[in-house]
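See structure below.
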Protein chains: 2
Amino acid sequence: MKKIDIFKKLRSSGLRPTKQRVEIAKFLFERDKTFHFTVESLDKLLAKRTTSKFALATIYNTVHAFKKAGHLSEVEVRGKKTYFDTNITNHHHFYDSETCELIDIDANDVVIQKIPKAPNGKKIKNVEVFINLKN
Amino acid sequence: MKKIDIFKKLRSSGLRPTKQRVEIAKFLFERDKTFHFTVESLDKLLAKRTTSKFALATIYNTVHAFKKAGHLSEVEVRGKKTYFDTNITNHHHFYDSETCELIDIDANDVVIQKIPKAPNGKKIKNVEVFINLKN
DNA sequence: TTTTTACTTTAGAATTATTATAAACTAGGA
DNA sequence: TCCTAGTTTATAATAATTCTAAAGTAAAAA
Ligand SMILES: [Mn+2]
Ligand SMILES: [Mn+2]
Ligand SMILES: [Zn+2]
Ligand SMILES: [Zn+2]
């Protein structure tokens, strides 16, 4: 993903391409593989990999803006911190509670044969499979 | 579940049957259907349904002691609060994000046909299926 | 039964993750 | 260039949870 694409991505989702947003977007999206992060881990990575400084509030704002625009998703993990995911496709996760590490599982690699129908008046939005790992 | 069972349950898990633990245990376990709660909701329910007073720290302590002893499980829900579950069997959940309500799904009502094998060196501890609902 | 001891409860302080505030700054249109 | 709405930032506030240490209690020991 090139610089121009980052600009388009931001523009098309109504986000001004500010210095901070562009830097964070480049860091998050200009890579081959998707990845999972928390605001805290992102903050540390940005400090290590860029020369700019980011207020923590800006990282929160930016991550939430990206999530709202559909460029990031949120993964629920047992624990206090919110995990974000640059993989916005429908997919599942392995979770290693030893290392607090999430590993993606392609939606096609999980086949569910039977599922109960939604309670009355409700519909199923999506199904998430979470596979806890041990050693 | 009778009073004597509550005592046994506590004793057998190395928990002294104190006034607070017995009251909370009776409230949580002396019922026909299992249920889901947060520390906050439990605190309010206890205030409504009992005459005793409980420090919030005691509710946290007691709930964690019950969880550690295997009498409660924890359910991961998108959001800030920790949800606990008096259903300690292996099961799945519907989640209604409108009402923040969890609904149990019996393990037998979900059949998974295909699942990827665990990453090298790891084993699968358990598989949790989470079905998000919409209206 | 009394004494002793370790465990428990409690109020309040501390911590952690996150969100709100409001002043200074900036992108982009007029 | 000037204006304005949107943005960043430091800091304060909030919310959930955990810690602390003093006072209370269950149960073992005497
Ligand atoms: Mn976070
Ligand atoms: Mn809770
Ligand atoms: Zn993922
Ligand atoms: Zn449940």
Side-chain angles (χ1 to χ4, degrees), chain A residues 3-4 6-27 36-47 50-69 71-72 74-84 100, chain B residues 3-4 6-27 36-47 50-69 71-72 74-84 100:
Chain A
K3 195 173 195 175
I4 185 66
I6 291 291
F7 273 73
K8 275 188 193 162
K9 187 169 210 163
L10 296 177
R11 276 270 153 62
S12 66
S13 31
L15 299 169
R16 282 192 187 174
T18 62
K19 180 166 165 266
Q20 290 80 357
R21 285 180 183 157
V22 171
E23 284 231 60
I24 296 176
K26 284 171 70 179
F27 180 76
H36 305 100
F37 63 92
T38 64
V39 166
E40 192 194 10
S41 72
L42 179 57
D43 184 40
K44 284 179 184 161
L45 288 167
L46 288 170
T50 75
T51 50
S52 315
K53 294 214 166 165
F54 301 87
L56 203 54
T58 301
I59 302 179
Y60 274 101
N61 289 342
T62 303
V63 163
H64 285 143
F66 288 171
K67 187 192 162 192
K68 196 175 173 190
H71 303 314
L72 288 175
E74 195 180 319
V75 187
E76 195 49 41
V77 176
R78 221 167 296 259
K80 297 165 235 296
K81 293 178 195 165
T82 305
Y83 279 72
F84 294 93
C100 295
Chain B
K3 196 174 195 176
I4 185 67
I6 291 290
F7 272 73
K8 275 189 192 161
K9 187 168 211 166
L10 295 177
R11 276 270 152 61
S12 65
S13 31
L15 299 169
R16 283 189 186 174
T18 62
K19 179 167 165 263
Q20 290 80 357
R21 284 180 184 157
V22 171
E23 282 232 61
I24 295 176
K26 283 170 70 179
F27 180 76
H36 306 100
F37 62 93
T38 65
V39 166
E40 192 195 10
S41 73
L42 179 57
D43 184 42
K44 284 179 183 161
L45 288 167
L46 288 170
T50 74
T51 50
S52 315
K53 293 215 167 163
F54 300 86
L56 204 52
T58 301
I59 301 179
Y60 275 101
N61 289 343
T62 303
V63 163
H64 285 143
F66 287 170
K67 187 193 163 190
K68 196 174 173 191
H71 302 314
L72 287 176
E74 196 181 317
V75 187
E76 196 48 41
V77 176
R78 221 166 295 256
K80 296 165 235 296
K81 294 179 196 165
T82 304
Y83 279 73
F84 294 93
C100 296

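Throughout, protein chains are lettered first and strands after them, A, B, ... in sequence-line order, and every chain is numbered starting at 1.
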Less than 4.0 angstrom between a side-chain N/O of [X] and OP1 or OP2 of [N], yes or no?
| X | N | value |
| --- | --- | --- |
| B:T82 | D:dT17 | yes |
| A:T18 | C:dT26 | no |
| B:Q20 | D:dT25 | no |

Closer than 3.5 angstrom, by distance alone: can the side chain of [X] be matched with the main-chain N or O of [Y] as a donor-acceptor pair?
| X | Y | result |
| --- | --- | --- |
| A:S13 | A:L10 | yes |
| B:S41 | B:F37 | no |
| B:H71 | B:K67 | no |

In this structure, how many angstroms lie between the [atom2] atom of [N] and the [atom1] atom of [X], rounded?
| X | N | atom1 | atom2 | result |
| --- | --- | --- | --- | --- |
| A:E76 | C:dA17 | CD | C1' | 13 Å |
| B:K68 | C:dC7 | NZ | P | 12 Å |
| A:N61 | C:dT21 | CG | P | 13 Å |
| A:Y60 | D:dA10 | OH | C1' | 15 Å |
| B:L56 | D:dT18 | CG | P | 11 Å |
| A:L46 | D:dT8 | CG | P | 13 Å |
| B:H64 | C:dT8 | NE2 | C1' | 16 Å |
| B:L15 | C:dA6 | CG | C1' | 15 Å |

For residues A:E23 and A:F54, report the shortest heavy-atom separation together with the two atoms involved. CB-CZ, 3.8 Å
Taking any heavy-atom pair under 4.0 Å as a contact, classify A:K19: base, sugar-phosphate, or nothing. nothing
Mapping A:T62 and A:K80 to their closest nucleotides on DNA chain D, which lands nearer the 5' end? A:T62
Can you tell if the side chain of B:V39 reaches within under 4.5 Å of the side chain of B:K81, non-hydrogen atoms only? no
DNA chain C: 5'-proximal contact among B:R21 and A:P17 (nearest heavy atom):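 Upstream on the strand: B:R21.
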On DNA chain C, does the nearest nucleotide to A:R16 precede the nearest nucleotide to A:A57 from the 5' side, or the other way round? Give the residue. A:A57
